[in-house]
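Here's the structure we're looking at; comments come further down.
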Amino acid sequence: MTTRERAYTKANNQRANQYTEIWVVGNPEDLAVMIQAARATGRLVYVSAPHLMGGDDTRHRRYLRLRNH
(Lines give C-alpha, C1' and ligand atoms only; values in the text may rest on other atoms or scores of the structure.)
Protein backbone atom coordinates (compact mmCIF):
# COMPACT_ATOMS: atom_id res chain seq x y z
CA MET A 1 0.00 0.00 0.00
CA THR A 2 1.40 3.40 -0.97
CA THR A 3 1.60 6.39 1.33
CA ARG A 4 -1.22 8.06 -0.60
CA GLU A 5 -3.46 5.00 -0.22
CA ARG A 6 -2.77 4.84 3.53
CA ALA A 7 -3.57 8.55 3.94
CA TYR A 8 -6.79 8.15 1.93
CA THR A 9 -7.87 5.12 3.98
CA LYS A 10 -7.14 6.90 7.26
CA ALA A 11 -9.14 9.97 6.20
CA ASN A 12 -12.11 7.81 5.15
CA ASN A 13 -12.05 5.93 8.45
CA GLN A 14 -12.02 9.17 10.43
CA ARG A 15 -15.00 10.49 8.46
CA ALA A 16 -16.87 7.21 8.92
CA ASN A 17 -16.28 7.32 12.68
CA GLN A 18 -17.93 10.74 12.91
CA TYR A 19 -21.41 9.52 11.96
CA THR A 20 -23.91 6.78 12.66
CA GLU A 21 -26.28 5.93 9.81
CA ILE A 22 -29.48 4.06 10.61
CA TRP A 23 -32.87 3.20 9.17
CA VAL A 24 -35.70 3.66 11.66
CA VAL A 25 -39.16 2.16 11.25
CA GLY A 26 -42.28 3.19 13.11
CA ASN A 27 -45.48 5.15 13.16
CA PRO A 28 -45.16 8.71 11.81
CA GLU A 29 -45.88 10.20 15.24
CA ASP A 30 -43.16 8.13 16.93
CA LEU A 31 -40.63 8.95 14.23
CA ALA A 32 -41.42 12.66 14.54
CA VAL A 33 -40.64 12.55 18.27
CA MET A 34 -37.36 10.69 17.62
CA ILE A 35 -36.29 13.11 14.90
CA GLN A 36 -37.18 16.14 17.04
CA ALA A 37 -35.07 14.76 19.92
CA ALA A 38 -32.09 14.19 17.60
CA ARG A 39 -32.51 17.68 16.17
CA ALA A 40 -32.70 19.23 19.67
CA THR A 41 -29.43 17.58 20.75
CA GLY A 42 -27.65 18.82 17.61
CA ARG A 43 -26.78 15.30 16.44
CA LEU A 44 -29.09 15.15 13.42
CA VAL A 45 -27.19 15.69 10.18
CA TYR A 46 -29.63 14.28 7.62
CA VAL A 47 -33.09 12.73 7.57
CA SER A 48 -34.73 11.24 4.48
CA ALA A 49 -38.30 11.66 3.38
CA PRO A 50 -40.68 9.06 4.84
CA HIS A 51 -41.19 5.86 2.83
CA LEU A 52 -44.17 3.57 3.39
CA MET A 53 -43.24 0.01 4.31
CA GLY A 54 -45.77 -1.31 1.80
CA GLY A 55 -48.59 -3.79 1.80
CA ASP A 56 -50.89 -3.57 4.81
CA ASP A 57 -48.10 -2.16 6.97
CA THR A 58 -48.86 1.48 7.84
CA ARG A 59 -45.44 2.18 9.32
CA HIS A 60 -42.89 4.44 7.69
CA ARG A 61 -39.14 3.98 7.20
CA ARG A 62 -36.65 6.86 7.41
CA TYR A 63 -32.89 7.07 7.02
CA LEU A 64 -31.01 9.11 9.65
CA ARG A 65 -27.41 10.27 9.78
CA LEU A 66 -26.36 11.29 13.29
CA ARG A 67 -23.15 12.82 14.64
CA ASN A 68 -21.35 10.60 17.12
CA HIS A 69 -19.97 13.45 19.21
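These numbers come from the heavy atoms of this one structure, side chains and all, not from hydrogens, waters or symmetry mates.
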query: Does any N or O in the side chain of Arg67 come within less than 3.5 Å of the main-chain N or O of Val45, such that one atom is a donor and the other an acceptor?
result: no

- request: Begin from the C-alpha positions of Leu44 and Arg39 and carry the test side-chain contact (heavy atoms from CB on, under 4.5 Å) through to its verdict.
  value: CA-CA 5 Å; Leu44 184 64; Arg39 193 173 281 142; 3.8 Å; yes

query: Taking it one step at a time, do Arg61 and Val24 satisfy side-chain contact (heavy atoms from CB on, under 4.5 Å)?
result: CA-CA 6 Å; Arg61 178 182 70 198; Val24 291; over 6 Å; no

- prompt: Taking the six-membered ring of Tyr46, is NZ or CZ of Arg65 closer than 6.0 Å to its centre and within 45° of its axis?
  reply: no

Pairs under 3.5 angstrom only: tabulate donor-acceptor contacts from the side chains of residues 26-35 to other protein residues two or more places apart or in another chain.
none

field: Point-to-point distance, once rounded to the nearest 0.5 Å, from OG1 of Thr41 to CG of Leu66
entry: 7.5 Å

- prompt: Is the shortest heavy-atom distance from the side chain of Tyr63 to the side chain of Glu21 under 4.5 Å?
  reply: yes

Straight-line distance of His60 NE2 to Asp57 CG, nearest 0.5 Å: 10.0 Å

query: Other than Val25, which residues form its hydrophobic cluster under the rule that side-chain heavy atoms must be closer than 4.5 Å?
result: Met53

query: Rounded to the nearest 0.5 Å, how far apart are OG1 of Thr20 and CZ of Arg43?
result: 8.5 Å

